[in-house]
Amino acid sequence: MLSLVLLSLCSVVLGASSSNQQFLANSAVADILSRGSPILGFDNGCSSSSKTCDWMKNYPDSTLLVRMNLPGTHDSATWNYTQATQDSLLRYTGPEADPAAIYQCQNKSIFDQLNGGIRVFDLRFAYNPGNDTLGFHHSQALLAPTATVDDVWFGFYSWLDEHPTEAVLISLNYESGTGTPRDLKLEQLIYNLMNNAVAQRYWVQTNGTLGTLGEARGKLTFLQRYDYEFLPASATRLGIHLPPEQWLDNTPIIEIVYNQKENLIAYIEDYYEIDGLPIGAGAAENIQWKFNATTAHIENATMYNRDSLYISFASSEHDADVPAETPEIMALGNGTVPGVNQKLLPWLQERKGKRFGVIMLDFFDVVPGLVEAVIGL
Ligand SMILES: *[C@@H]1O[C@H](CO)[C@@H](O)[C@H](O)[C@H]1NC(C)=O
Ligand SMILES: *[C@@H]1O[C@H](CO)[C@@H](O)[C@H](O)[C@H]1NC(C)=O
Ligand SMILES: *[C@@H]1O[C@H](CO)[C@@H](O)[C@H](O)[C@H]1NC(C)=O
Ligand SMILES: *[C@@H]1O[C@H](CO)[C@@H](O)[C@H](O)[C@H]1NC(C)=O
Ligand SMILES: *[C@@H]1O[C@H](CO)[C@@H](O)[C@H](O)[C@H]1NC(C)=O
Ligand SMILES: *[C@@H]1O[C@H](CO)[C@@H](O)[C@H](O)[C@H]1NC(C)=O
Ligand SMILES: *[C@@H]1O[C@H](CO)[C@@H](O)[C@H](O)[C@H]1NC(C)=O
């Protein structure tokens with residue numbers, strides 16, 4: 001479908017033979033994916049024994065998305081933000097506030113995440129250097145100076161063309177605190193990306209509701225975590241809106257009514273900075289606190305509000321602790337004590353078959369079987 005969209009563009013431009021047009025369209029897609037590769041990575045496909053590659057094909061079309069168990073990744077775009085990457089970008093950013101390990105939350109690419117069964121992506125945009133194109137950030141950290149949001153959307157579209165049974169949710173947040181401007185031009189750029197002709201084909205076009213799997217297959221579903229401040233409110237017309245002023249910072253229990261008329265509520269656990277503990281509490285206690293907050297929330301998802309959206313973040317850090325608890329230590333432990341992901345695996349397995357909702361993971365694939373346990377495979 002994607003190269004067909006470009007093909008029709010090319011045929012207008014060229015009036016050339018169809019094999020030339022096809023070649024040109026394919027080359028254009030390859031070029032876009034290559035520019036997006038610092039965020040997308042490369043699509044290495046799935047092994048034939050993979051249970052996670054096209055896992056949604058086994059669920060009926062009528063399944064409501066809110067009743068599904070959807071594995072997600074927190075700060076999905078940070079997978080290649082190693083110290084080498086941070087160092088290579090200093091000419092754009094100047095010194096960063098923290099070492100790369102504080103910002104890195106994944107180490108598998110977006111394509112690997114898709115092939116590994118991840119269906120919810122947490123992405124944060126702001127201007128790329130130069131303030132002319134939109135790119136990806138985590139907090140202050142610039143993740144890739146030349147890959148654009150546009151390029152990365154094409155990556156998702158092309159993957160969905162290959163996996164038409166799958167439905168992918170994109171949560172998009174504006175990353176403030178990057179030192180780049182927030183202005184009308186930025187909002188026009190993101191608005192156009194979300195509403196241009198290609199987007200109209202690849203994003204679910206309903207407003208204010210999350211529908212069924214059948215409606216969402218082969219498409220992206222939008223979770224808009226930013227407000228339009230310069231464009232009119234009517235610019236918010238796709239997916240569901242989770243306004244940043246209601247998404248309370250670092251909070252274990254958040255409730256956002258995303259559709260007043262039908263009283264549709266999102267229940268969210270996003271306690272990410274374990275600041276309730278004193279400095280020096282150590283990895284084990286920080287991990288226990290986070291595990292508690294996450295499982296208390298998922299427990300509710302198994303019992304209540306079957307038709308509401310539950311999002312539980314299993315990801316966290318405590319960078320003020322000494323030594324710092326990085327996202328990796330919180331997720332995977334420090335070598336001596338287990339992390340949230342190891343503790344979550346048996347907890348989820350014991351509750352197999354229950355509704356968990358969306359669970360957002362750091363380093364999602366390092367503990368084998370965790371994605372399968374989230375889905376309930
Ligand atoms: C990942 O980062 C390294 C080091 O900065 C870089 O050499 C490599 O090209 C990056 N990978 C991709 C796919 O961009
Ligand atoms: C990802 O992180 C895990 C846990 O630290 C490590 O074992 C693995 O080698 C890393 N993989 C890559 C590709 O960096
Ligand atoms: C981008 O915006 C920042 C903040 O407003 C400004 O300091 C910087 O000079 C701008 N860069 C360019 C290339 O316009
Ligand atoms: C989209 O839905 C929201 C909430 O359900 C509503 O406030 C808004 O007016 C709708 N926007 C459009 C363009 O229909
Ligand atoms: C991991 O953290 C615990 C305290 O929670 C500590 O006793 C242990 O020494 C730490 N292990 C490493 C390898 O740092
Ligand atoms: C974790 O939750 C349990 C049960 O609610 C509670 O008894 C315990 O004190 C909590 N532990 C921490 C470290 O928060
Ligand atoms: C779980 O649900 C109960 C009952 O509605 C509520 O009192 C409690 O705050 C919820 N806990 C979490 C962690 O969402």
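Just follow the structure's listing: the first ligand is 1, and inside any ligand the first atom is 1.
Between V366 and K108 the shortest side-chain heavy-atom distance does not fall below 4.5 Å.
Protein heavy atom closest to atom 6 (C) of ligand 1, with residue, atom name and distance, is N80 ND2, 4.2 Å. Nearest protein heavy-atom neighbour of atom 4 (C) of ligand 7: Y304 CE1, 3.9 Å. At the top of the distance list for atom 14 (O) of ligand 1, counting protein heavy atoms only, stands P38 CA, 3.4 Å. Protein heavy atom at the shortest distance from atom 13 (C) of ligand 1 is S37 O, 3.6 Å.
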Working for side-chain hydrogen bond (donor to acceptor under 3.5 Å, both in side chains), residues Q86 and Q83: CA-CA 5 Å; Q86 185 181 79; Q83 198 54 50; 2.8 Å; yes

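A donor atom on one side chain and an acceptor atom on the other are found under 3.5 Å apart for Q113 and T73. Side-chain contact check for Q188 and N192: no donor-acceptor pair (N or O, by modelled atom type) lies under 3.5 Å. Side chain to side chain, N173 and D122 fail the donor-acceptor criterion of an N or O pair below 3.5 Å. Side-chain contact, W203 with N195: no donor N or O sits under 3.5 Å from an acceptor N or O.
Those atoms of ligand 5 that come under 4.0 Å of a heavy atom in G282, given as number and element, are 5 (O). Each of the atoms 9 (O), 11 (N), 12 (C), 13 (C), 14 (O) of ligand 7 lies under 4.0 Å from some heavy atom of I253. Close approach of ligand 1 to T85 is summarised as follows: ligand atoms under 4.0 Å from at least one heavy atom of the residue are 2 (O), 3 (C), 4 (C), 5 (O).
Residue-to-ligand polar distances place N334 within reach of ligand 5: an N/O pair is separated by less than 3.5 Å. The distance criterion of under 3.5 Å between nitrogen or oxygen atoms is met by A283 with respect to ligand 5. Note: an N/O pair closer than 3.5 Å links N300 and ligand 7 by distance alone. Below 3.5 Å of separation, one finds an N or O of A284 facing an N or O of ligand 5.
When the shell of 6.0 Å around NZ of K352 is examined, it contains 12 or fewer heavy atoms from other residues, nucleotides or ligands.
Here Y267 has no heavy atoms under 4.0 Å from ligand 7, in either its backbone or its side chain.
Ligand 1 does not have G41 within reach: every non-hydrogen atom of the residue lies 4.0 Å or more from it.
For atom 9 (O) of ligand 1, the nearest protein heavy atom lies 4.0 Å or farther away.
Proximity of a side-chain donor or acceptor of D362 to a complementary backbone N or O of S315 within less than 3.5 Å is not detected. Between the N69 side chain and the K354 main chain, a donor and an acceptor come within less than 3.5 Å of each other.
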